[in-house]
Amino acid sequence: LAQQQTAKLVLLGEMGSGKSSLVLRYVKGQFFDYQASTVGAAFLTKTLPELNVKFEIWDTAGQERYHSLAPMYYRGAAAAIIVYDITSPDSFTRAKSWVRELQRQGNPNMIMALAGNKADLEGQRAVTVEEAQAYAAENGLFYVETSAKTSANVNELFEEIARKLPKP
Ligand code: GTP
Ligand code: MG
């Protein structure tokens, strides 16, 4: 039997992009229309028995005043999910600046996923799939559009990261 692997995973992205909602959907199968803005960071775990992976998940706060805390959460992380809101160009700009910060200061072997969240709000889309896909390809990120609300692609996002982890 393969030994279970523990992997530190961090979520980064603009305030309101849906980081907590993605984690809550994934770990607890819940979604709230009024999700409280995260203070500091939240810690949750989830085990994927089929893949022998235990995720230790740090859901960071997107508010700018918490920016200086971020390195504590991404340092030593095996993977990062950078989240933006497909209805918000500003959140996409912020996602790109998180990617640059991780490229400069993160673990060089970190698996990075770009999640275009709120895909259920297609009518309000302001960031095209093509633009995000091109950016992700140029920067070696794995890209997926998700909806914490409908749960579209949420399990797929985390499972794909688990599959990409280097074998212990
Ligand atoms: P901070 O903790 O402040 O950094 O924000 P966050 O990135 O954790 O965002 P949060 O999960 O709190 O979600 C912000 C708002 O967006 C909440 O009102 C959620 O209900 C809503 N939301 C999150 N994900 C989705 C989604 O996939 N679709 C829709 N329609 N709304 C979403
Ligand atoms: Mg949050």
Side-chain angles (χ1 to χ4, degrees), residues 1-63 66-67 69-86 91 94-95 98-99 101-103 105-120 132-133 136 139-168:
L1 243 135
Q3 217 188 330
Q4 182 175 278
Q5 180 182 6
T6 298
K8 180 177 173 182
L9 168 65
V10 64
L11 284 92
L12 299 164
E14 185 160 274
M15 170 186 176
S17 55
K19 299 176 295 296
S20 299
S21 298
L22 284 169
V23 173
L24 217 58
R25 167 62 79 191
Y26 179 59
V27 174
K28 300 186 177 172
Q30 297 175 334
F31 177 80
F32 301 102
D33 283 316
Y34 301 95
Q35 173 67 41
S37 190
T38 305
V39 174
F43 180 73
L44 292 96
T45 66
K46 168 112 174 178
T47 302
L48 291 84
E50 326 75 50
L51 296 169
N52 290 313
V53 170
K54 180 187 181 189
F55 277 130
E56 295 185 338
I57 305 171
W58 286 100
D59 166 25
T60 66
Q63 291 181 46
Y66 296 114
H67 187 170
L69 300 179
M72 287 202 306
Y73 302 110
Y74 65 67
R75 195 173 298 137
I81 301 175
I82 298 102
V83 183
Y84 69 95
D85 168 353
I86 69 154
S91 77
R94 188 73 188 91
W98 277 120
V99 171
E101 180 168 338
L102 293 176
Q103 286 169 339
Q105 300 181 56
N107 152 24
N109 305 316
M110 193 186 292
I111 294 154
M112 284 196 246
L114 180 67
N117 189 43
K118 310 198 187 183
D120 55 292
Q133 217 157 36
N139 287 276
L141 311 178
F142 150 65
Y143 164 67
V144 66
E145 288 206 346
T146 56
S147 170
K149 183 166 183 163
T150 68
S151 82
N153 277 339
V154 175
N155 287 341
E156 289 78 0
L157 166 62
F158 287 87
E159 282 165 17
E160 187 58 27
I161 291 169
R163 275 190 288 269
K164 286 182 191 293
L165 290 170
K167 298 289 162 278

Under 4.5 Å between any side-chain heavy atoms of L69 and T60, yes or no? no
Any heavy-atom pair between the side chains of E56 and F43 that's under 4.5 Å? yes
Test log, rule side chain to side chain donor-acceptor pair (under 3.5 Å), inputs S20 and T38: CA-CA 7 Å; S20 299; T38 305; 2.7 Å; yes
Minimum heavy-atom separation for N139 to Q103, with atom names? OD1-NE2, 3.1 Å
Decide side chain to side chain contact (heavy atoms under 4.5 Å, CB included) for I82 and M112; before the verdict, give the C-alpha distance in whole Å, the side-chain angles of both, and the deciding distance to 0.1 Å. CA-CA 7 Å; I82 298 102; M112 284 196 246; 4.1 Å; yes
N/O donor-acceptor pair under 3.5 Å between Q5 side chain and P166 backbone: yes
Using the rule given for side chain to side chain contact (heavy atoms under 4.5 Å, CB included), can you reason through L24 versus Q30, listing the C-alpha separation, both sets of side-chain angles and the distance that settles it, and then say yes or no? CA-CA 6 Å; L24 217 58; Q30 297 175 334; 4.1 Å; yes
Does any non-hydrogen side-chain atom of V39 lie less than 4.5 Å from one of Y66? yes
Can you tell me how the ring of F55 sits relative to the ring of Y26, calling it parallel under 30°, perpendicular over 60° and tilted otherwise? perpendicular
Spatial distance of atom CD1 (I57) from atom CD1 (I81) [nearest 0.5 Å]: 7.5 Å
Hey, is the main chain of E14 close enough, under 3.5 Å, to the side chain of S91 for a donor-acceptor pair? no
Do you know which two heavy atoms are closest between G13 and K19, and how far apart they sit? O-NZ, 2.9 Å
4.5 Å side-chain heavy-atom contact, V83 and W98: no
For F158 and K46, what are the C-alpha separation, side-chain angles and deciding distance, and is it a side chain to side chain contact (heavy atoms under 4.5 Å, CB included)? CA-CA 10 Å; F158 287 87; K46 168 112 174 178; over 6 Å; no
Residue pair D85 / G16: nearest heavy atoms and the distance that separates them: OD2-O, 4.5 Å
Is there a side-chain contact between Q4 and T47 in this structure, where contact means two heavy atoms from C-beta onward sitting under 4.5 Å apart? yes
Which of these passes side chain to side chain contact (heavy atoms under 4.5 Å, CB included) with Y74: L12, L11, L9, N107? L12
Grab the two heavy atoms, one from I161 and one from A113, that are nearest each other, plus how far apart they are. CD1-CB, 4.1 Å
Counting distance only, does the side-chain N/O of K8 pair as donor-acceptor with the main-chain N or O of W58 below 3.5 Å? no
Distance from M110 atom CE to L141 atom CG, nearest 0.5 Å? 11.5 Å
Within the 4.5 Å heavy-atom criterion, are L114 and Y84 side-chain neighbours or not? yes
How far apart are the C-alpha atoms of D33 and K149, what are their side-chain angles, what is the distance that settles it, and do they pass the side chain to side chain contact (heavy atoms under 4.5 Å, CB included) test? CA-CA 8 Å; D33 283 316; K149 183 166 183 163; 3.8 Å; yes
Distance in Å, N153 CG paired with E160 CD, rounded so as to fall on 0.5 Å steps: 10.5 Å
Please give me the minimum heavy-atom distance between A7 and A78, naming the atom from each residue. CB-CB, 4.2 Å
Of the non-hydrogen atoms in L157 and A115, which two are nearest, and what is the gap between them? CD2-CB, 4.2 Å
Heavy-atom side-chain proximity of R25 to T146 below 4.5 angstrom: no
Can you tell if the side chain of E145 reaches within under 4.5 Å of the side chain of I86, non-hydrogen atoms only? yes
